[in-house]
Number of protein chains: 2
Amino acid sequence: MSSHPAAEQPWNRQRLRSNNEWLLLERLRTAGPASRAQLARDTGLSKPTVSAALANLEQAGLAREAGTLAPERGRVAVLYEPDPTAGHVLGVDIGRGWLRIAVADLAGEIVARRDVPNRGRTADAVADAVVAAARAAIEEAGLVPGAVAHAAIGTPGVWDESEQRVRYAANLPGWGRRGLFDRIRAGLDTEISVHNDANLAALGEYARGAGVGSRLFVYLLIGTGLGMGVVSGGRLQKGAHGAAGEIGFLPRPGGPVACEEGERAQRRGTLESAAAAESVVRTARELGLRGAGTAKQVFDAARAGDPAALAAIDREAAQLAYAVAVVSSVLDPDLVVLGGGVGHSADLLLGRVEQELHRLTPLRPRLAPSLLGEEAVLIGALATALRTARPEVFERRSAALDRV
Amino acid sequence: MSSHPAAEQPWNRQRLRSNNEWLLLERLRTAGPASRAQLARDTGLSKPTVSAALANLEQAGLAREAGTLAPERGRVAVLYEPDPTAGHVLGVDIGRGWLRIAVADLAGEIVARRDVPNRGRTADAVADAVVAAARAAIEEAGLVPGAVAHAAIGTPGVWDESEQRVRYAANLPGWGRRGLFDRIRAGLDTEISVHNDANLAALGEYARGAGVGSRLFVYLLIGTGLGMGVVSGGRLQKGAHGAAGEIGFLPRPGGPVACEEGERAQRRGTLESAAAAESVVRTARELGLRGAGTAKQVFDAARAGDPAALAAIDREAAQLAYAVAVVSSVLDPDLVVLGGGVGHSADLLLGRVEQELHRLTPLRPRLAPSLLGEEAVLIGALATALRTARPEVFERRSAALDRV
DNA sequence: TGGAAAGTAAGGATACTTAACTTAATCACA
DNA sequence: TGTGATTAAGTTAAGTATCCTTACTTTCCA
């Protein structure tokens with residue numbers, strides 16, 4: 001799970017104390033409030049040690065009392081929990097249509113929220129809009145910008161850490177410019193980290209959605225494009241260059257469509273062009289559906305029984321089944337979640353994808369629809385920011401205590 | 001890298017000492033011999049602490065002196081290194097043609113070796129042959145069976161830990177029986193672990209072959225079947241059910257072959273049937289090559305300039321390029337190594353696969369031939385056994401010291 | 001013989017454990 | 001209802017292990 005900042009290093013006595021305090025805090029966070037005696041039993045530490053550590057944590061503002069619990073007989077136990085107000089984080093989802101921004105406390109509870117339409121014509125305008133909305137949310141939460149411990153930002157494309165810029169975000173002009181995110185960092189006066197939106201959505205579903213408890217979990221983001229996030233043992237799999245899950249580039253499977261269109265189309269065709277929202281509309285039109293301009297309209301027509309729309313959805317399901325089959329063969333996940341605008345139409349898609357999958361491969365993971373929908377990226381951003389911020393807040397408040 | 005056995009647990013003082021001794025030993029192992037003063041500088045521990053820890057390690061038989069090193073001026077430093085004779089491990093490769101067995105010391109040096117042809121008609125006969133050869137190797141190394149700290153065994157198929165049996169090893173009759181590996185365990189009087197052969201080969205190439213230093217490394221085993229192993233950050237990716245990398249089940253790509261053969265063949269066809277050794281022979285025959293019964297013969301004919309053989313190899317390369325493209329899209333590795341009987345013919349395959357890959361996808365990892373060849377599984381088995389055995393030997397010898 | 005680096009010894013600080021104690025609740029029973 | 005037994009939470013005090021600092025010795029080269 002989360003590791004103490006100074007792991008894999010030699011230990012001296014101060015690290016020992018600090019590490020034990022961190023471990024107690026993590027236990028309170030993940031397993032819920034507990035008394036000192038309970039913690040001593042669970043961790044193997046002695047009661048006096050636990051008492052001393054909790055006194056330190058409380059003085060540092062990292063833990064607080066959380067009511068009492070009476071055992072069957074004997075003295076009433078005082079329960080402790082992490083103090084969620086010890087720090088705050090910012091999550092940002094830079095979507096094509098909307099900018100979504102939230103401030104959360106260390107327990108992950110959202111304390112302020114801002115959604116604004118993404119009207120920016122230029123990359124700089126979008127960056128400025130993000131900063132303005134974020135500052136408004138921070139103020140609403142009763143904080144000053146510098147008080148936010150970490151901000152995690154989700155965007156289409158792949159973040160190049162060494163160049164400090166986004167790659168492969170073709171749809172957003174100027175978004176790959178260097179220095180763009182320095183502008184956001186300066187505007188927020190906070191450490192930021194930038195992540196692929198599908199990856200954050202995967203983390204979001206893993207943290208609080210359909211992927212909770214999964215050992216190896218794959219999230220398919222099917223919308224304007226086709227993206228994927230892989231969460232293994234609670235950690236995101238990013239690949240060697242941060243491009244893991246870019247299955248939009250997959251060669252398209254050999255199927256009737258590919259054969260009909262001839263070899264040239266096969267070479268150019270990628271899975272993204274065959275499975276993203278746009279292709280559902282295109283296929284439906286080719287099959288005779290009129291008046292459908294968006295994927296949502298095609299799905300609505302299918303629900304109303306239109307045969308062309310249904311056929312288009314069959315084709316879409318076949319493409320997705322291929323994607324799932326490929327991912328299953330390579331990774332062996334126990335769960336694949338369909339998300340994004342198209343993936344959200346689980347009522348129509350899920351059964352068809354499963355049926356097609358039966359024909360393709362014996363390795364079949366569980367399929368499930370997204371639970372978080374449009375919120376997945378934002379919640380994943382908060383989860384990511386929390387993962388970074390928690391040890392940092394702990395370090396800072398512990399150190400402040402020592403100086404006294 | 002390797003973690004102390006008791007990580008993520010609260011620490012008391014004894015664990016502190018034990019942990020620091022373990023860390024010093026790991027440092028000696030990975031960074032080479034060093035003096036006490038050197039270790040103190042590197043780790044941040046004080047000189048007296050390092051001296052005491054090394055005295056303990058030496059008394060426990062875990063470390064030993066390794067010569068001296070004179071600085072520019074001043075007293076000569078005494079160097080220390082891990083004592084490789086502190087324990088031994090066994091590695092076993094149960095291949096279709098050969099049983100390969102090696103005994104290695106804790107430094108990974110092979111001290112005894114046995115290769116015997118796999119003549120077993122029944123699974124039990126194979127198990128008995130493994131035990132006999134292993135006992136012979138252990139004796140040759142001057143050990144008794146119980147003295148081996150761990151034995152790692154590689155076999156085709158997927159090891160099911162909860163059922164304690166192998167799954168999906170279709171080619172070996174009876175090999176999936178429960179209790180088969182209990183027989184080996186009893187015969188060796190040692191803790192054993194069982195692993196997929198492609199996975200072990202991947203670990204072998206990562207530990208001592210073409211994959212050294214790779215961040216995310218994929219090994220393709222192309223031979224009788226088609227297998228894959230993924231090593232991420234030094235750890236094997238096994239998937240949720242241990243079936244990660246079973247790309248033999250991949251749907252076959254749409255290509256001229258698929259179209260020609262019609263839809264029914266596409267449904268049945270898998271990548272394994274299209275890319276394994278047998279298919280090279282089949283394709284070459286279809287294209288007019290006569291007298292080639294094995295893949296090796298096809299490759300030899302190609303080297304001699306035979307056009308049918310060359311065409312068959314082009315097709316094989318296209319199938320492999322598809323496999324690499326799929327894996328790259330999903331995982332983003334920085335290196336893909338081709339191994340196994342077919343993969344070993346890198347002179348003919350590598351360039352063709354790279355060329356085909358250019359047509360398929362912009363995400364192109366580095367390609368390289370296997371360095372270890374047929375030895376990869378065995379070396380991976382030793383590396384795996386060592387990873388398990390090192391902490392165990394450390395624990396045992398440390399504990400023995402405390403009891404005095 | 002002096003300088004420099006390796007290595008050791010002694011003393012002090014710290015964070016842990018154990019064991020015994022106090023506190024505060026329930027229960028049994030007069 | 002009151003009183004003591006019982007049980008569990010939490011504290012205090014004493015003891016111990018491990019580490020660090022400081023000062024020292026050893027051993028080599030110039």
Side-chain angles (χ1 to χ4, degrees), chain A residues 4 6 9-24 28 33-60 63 65-80 398-399 401-404, chain B residues 4 6 9-24 28 33-60 63 65-80 398-399 401-404:
Chain A
H4 187 76
Q9 290 266 328
W11 297 81
N12 55 23
R13 291 157 318 197
Q14 281 137 36
R15 281 222 169 106
L16 191 79
R17 154 63 58 103
S18 165
N19 184 60
N20 282 344
E21 285 175 6
W22 169 259
L23 249 60
L24 287 171
L28 289 177
S35 71
R36 285 171 270 203
Q38 184 72 49
L39 287 169
R41 278 194 300 272
D42 289 357
T43 63
L45 292 168
S46 67
K47 288 196 288 177
T49 301
V50 172
S51 284
L54 275 184
N56 272 355
L57 288 172
E58 194 170 13
Q59 209 193 329
E65 292 191 12
T68 57
L69 182 69
E72 301 226 341
R73 276 188 298 195
R75 180 173 172 178
V76 170
V78 178
L79 301 180
Y80 283 82
S398 293
L401 208 64
D402 291 346
R403 258 181 249 128
V404 174
Chain B
H4 186 76
Q9 290 265 328
W11 298 81
N12 55 24
R13 289 157 319 189
Q14 280 138 36
R15 282 223 166 105
L16 191 81
R17 154 61 60 101
S18 166
N19 185 61
N20 282 344
E21 286 175 7
W22 169 259
L23 250 59
L24 287 171
L28 290 177
S35 71
R36 285 172 270 205
Q38 184 72 46
L39 288 169
R41 278 193 301 270
D42 290 356
T43 62
L45 292 169
S46 68
K47 287 197 290 176
T49 301
V50 172
S51 284
L54 275 185
N56 272 355
L57 288 173
E58 193 170 14
Q59 209 194 327
E65 293 191 13
T68 57
L69 183 69
E72 301 224 344
R73 274 184 297 195
R75 181 172 170 178
V76 169
V78 179
L79 301 180
Y80 283 83
S398 294
L401 209 63
D402 291 346
R403 257 181 250 129
V404 175

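Each chain gets a letter, A, B and so on, in the order the sequences are listed, and its residues count up from 1.
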Please write out the pairs of protein N or O atoms and N or O atoms of nucleotides 19-22 of chain D separated by less than 3.5 Å, giving the distance to one decimal.
residue: D/dC19; atom: OP1; partner: B/Asn20; partner atom: ND2; Å: 3.1
residue: D/dC19; atom: OP2; partner: B/Arg17; partner atom: NE; Å: 3.3
residue: D/dC19; atom: OP2; partner: B/Arg17; partner atom: NH2; Å: 3.0
residue: D/dC19; atom: O2; partner: A/Arg13; partner atom: NH1; Å: 2.9
residue: D/dC20; atom: OP2; partner: B/Ser46; partner atom: N; Å: 3.1
residue: D/dC20; atom: OP2; partner: B/Ser46; partner atom: OG; Å: 2.9
residue: D/dC20; atom: OP2; partner: B/Thr49; partner atom: OG1; Å: 2.7

Self-check item: Proximal nucleotide (of C/dC27, C/dA25, C/dA6) relative to the A/Val76 side chain
Solution: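 Nucleotide nearest to A/Val76's side chain: C/dA25.
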
Quiz item: Where the side chain of A/Pro71 is defined as all heavy atoms beyond and including C-beta, which of C/dA6, D/dA8, D/dG10 is the nearest nucleotide?
Solution: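 The listed nucleotide nearest to A/Pro71's side chain is D/dA8.
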
Are [X] and [Y] packed together at the side-chain level, in the sense that at least one heavy-atom pair is separated by less than 4.5 angstrom?
X       : Y       : answer
B/Gln38 : B/Leu69 : no
A/Thr43 : A/Leu23 : no
A/Asn56 : A/Leu24 : no
B/Leu57 : B/Leu28 : no

With a non-hydrogen cut-off below 4.0 angstrom, is [X] in contact with a base, only sugar-phosphate, or nothing?
X       : value
A/Glu72 : sugar-phosphate
B/Val78 : sugar-phosphate
B/Ala37 : sugar-phosphate

If I compare all heavy atoms of [X] with all of [Y], which pair ends up nearest, and what's the gap?
X       : Y       : answer
A/Val50 : A/Arg36 : CG1-O, 3.6 Å
A/Pro33 : A/Ala66 : CB-CB, 4.4 Å
A/Leu79 : A/Ser35 : CD2-N, 3.5 Å
B/Thr68 : B/Val76 : CB-CG1, 3.3 Å

Self-check item: Contact nearer the 5' end of DNA chain D, comparing A/Ser51 with A/Gly74
Solution: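 By nearest-heavy-atom nucleotide position, the 5'-most residue is A/Gly74.
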
Exercise. On DNA chain D, check which nucleotide each of A/Arg36 and A/Arg73 is closest to and give me the residue with the more 5' one.
Key: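 Going by which nucleotide is closer to the 5' end, it is A/Arg73.
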
Self-check item: Difference in axis direction between the ends of the helix from C/dT1-D/dA30 to C/dA30-D/dT1, five pairs, 10°
Solution: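 Between the axes fitted at each end of the helix from C/dT1-D/dA30 to C/dA30-D/dT1 lies an angle of 10°.
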
Quiz item: Would you say the base of C/dA25 and the side-chain of A/Arg75 have a donor-acceptor pair closer than 3.5 Å?
Solution: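 No, no donor-acceptor pair under 3.5 Å.
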
Exercise. Any chance you could measure B/Asn20, atom CG, to B/Leu39, atom CG, to the nearest 0.5 Å?
Key: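 Result: 11.5 Å between the selected atoms.
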
What is the distance, to the nearest angstrom, from the [atom1] atom on [X] to the [atom2] atom on [N]?
X       : N      : atom1 : atom2 : value
A/Leu54 : D/dA9  : CG    : C1'   : 13 Å
B/Arg15 : C/dT17 : CZ    : C1'   : 14 Å
B/Leu69 : D/dC29 : CG    : P     : 12 Å

